[in-house]
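Below: one structure, written as structure tokens.
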Number of protein chains: 2
Amino acid sequence: MAKQLNIGTVEKMARERGLKMTPQRRAIIEYLQNAREHPTTEEVFMAVNRDFPMTSRATVYNTVNWLRDAGMLQEIYEAGAVRLDPNFDRHHHFICNKCGRVEDIGFELISDLGICSLPESQTIESFEIVLRGTCKKCRTQAG
Amino acid sequence: MAKQLNIGTVEKMARERGLKMTPQRRAIIEYLQNAREHPTTEEVFMAVNRDFPMTSRATVYNTVNWLRDAGMLQEIYEAGAVRLDPNFDRHHHFICNKCGRVEDIGFELISDLGICSLPESQTIESFEIVLRGTCKKCRTQAG
DNA sequence: TTGATTGCAAACGGTTTGCATGGGA
DNA sequence: TCCCATGCAAACCGTTTGCAATCAA
């Protein structure tokens, strides 16, 4: 099972650290745990306020940073703004050159990364593969 | 030989497109073609002005965007600001988790990327591997 | 000569901060 | 009750834009 942002785990973590669960935080986490589109913080802000007014931008940023620092949210740096990924299991990314959509690629789908002759000047702790190309939607639209 | 930002190539490209070479552009390109540290635009601005006052921030951004659009400069999106990479040959990146330093990894040093079972919903045009860990400097300092 | 490029300053968009009010444990 | 969290607005920082003056071709 993939490690995925989950409100139960967040509540446990909050209790352990003496932090509080508020309706705003719950709404943000509930939106993020189902988000498949790697939303920006602005998109989270708008979506949450559609369902649960009023949550301020500052609260969205606070909550997102809190989750990120706790390792429960991955940030993807793209042009313009940071995108959020509730999947914190090891995985890779596909970025569409046309529309900018970011898709998760399961870690197990790419195998045999042969690091054959890296000079030993760095200690490698993790790696991620960023694939770029055209997504299904753009490919069928462009013909 | 790696494809590397080079003032001769830029001059040729400028001539072909009817664009002008100015002292400011020359200074920016000369700095970038020797830069090994993946500078931010702000760092380019400061370095160029140390040697060649006065070049405005706007000019640095214009020139960088022009080179990027011509495919002669790669941008690396990291937290905070975009970093610039005069190496536009295929290569991978190593990012230090401690100091944030970005190092180039030769494309040929990592082989055998086995894409074994990608669903065929995307067309892959390129890929880049982002390695994360501790760089030599931070490793020896931290002991 | 002439249109691309420059410097400047203001605008812009994403993110952070300070502070008084409000609310969860 | 006691802090933590909230909303708001201003600040911040990287980047873009508008404009008049300038300069490479």
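Every chain is numbered from 1, with letters handed out A, B, ... down the list of sequences. When reading the values below, keep in mind they use all heavy atoms of this one structure, side chains included, and skip hydrogens, waters and symmetry mates.
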Rounded to the nearest Å, what distance is computed from the [atom1] atom of residue [X] to the [atom2] atom of nucleotide [N]?
{"X": "A:Phe45", "N": "D:dC8", "atom1": "CZ", "atom2": "C1'", "answer": "11 Å"}
{"X": "B:Arg68", "N": "D:dT15", "atom1": "CZ", "atom2": "C1'", "answer": "11 Å"}
{"X": "A:Leu19", "N": "C:dG24", "atom1": "CG", "atom2": "C1'", "answer": "12 Å"}
{"X": "A:Arg57", "N": "D:dA10", "atom1": "CZ", "atom2": "P", "answer": "14 Å"}
{"X": "A:Trp66", "N": "D:dA5", "atom1": "CH2", "atom2": "P", "answer": "7 Å"}
{"X": "B:Met21", "N": "C:dT6", "atom1": "CE", "atom2": "P", "answer": "10 Å"}
{"X": "A:Glu43", "N": "C:dT15", "atom1": "CD", "atom2": "P", "answer": "11 Å"}
{"X": "A:Asn65", "N": "C:dT16", "atom1": "CG", "atom2": "P", "answer": "5 Å"}

[N], OP1 or OP2 - any side-chain N/O from [X] closer than 4.0 Å?
{"X": "A:Gln24", "N": "C:dG23", "result": "no"}
{"X": "A:Thr22", "N": "D:dT6", "result": "yes"}
{"X": "A:Tyr61", "N": "C:dT15", "result": "yes"}
{"X": "B:Arg25", "N": "C:dT5", "result": "yes"}

Next on the checklist: Looking only at side-chain N and O atoms, does A:Glu125 offer a donor or acceptor that is under 3.5 Å from a partner on B:Thr134?
Outcome noted: yes
State whether a side-chain donor-acceptor pair under 3.5 Å links A:His92 with A:Asp104.
no
Original post:
Taking the six-membered ring for Trp, are A:Phe107 and A:Phe127 parallel (under 30°), tilted (30 to 60°) or perpendicular (over 60°)?
Top reply: tilted
Closest nucleotide among [options] to the [X] side chain:
{"X": "A:Thr41", "options": "D:dT17, C:dT15, C:dG7", "result": "C:dT15"}
{"X": "B:Pro23", "options": "C:dT6, D:dA24, C:dT15", "result": "D:dA24"}
{"X": "B:Asn62", "options": "D:dT15, C:dT6, C:dT15", "result": "C:dT6"}
{"X": "A:Ser56", "options": "C:dA4, D:dG7, C:dG7", "result": "D:dG7"}

Contacts of B:Ala58 and B:Arg26 projected onto DNA chain D by closest heavy atom; the upstream (5') one is B:Ala58
Please say whether the positively charged group of A:Arg17, taken as NZ for Lys or CZ for Arg, lies over the ring of A:Trp66, i.e. under 6.0 angstrom from the six-membered ring centre and within 45 degrees of the axis. no
Side chain proximity check, B:Pro23 to B:Thr55, heavy atoms < 4.5 angstrom:
no
Open item on the list: Ignoring hydrogens and geometry beyond distance, is the side chain of B:Lys20 in donor-acceptor contact with the base of D:dC23 at under 3.5 Å?
Closed with: no
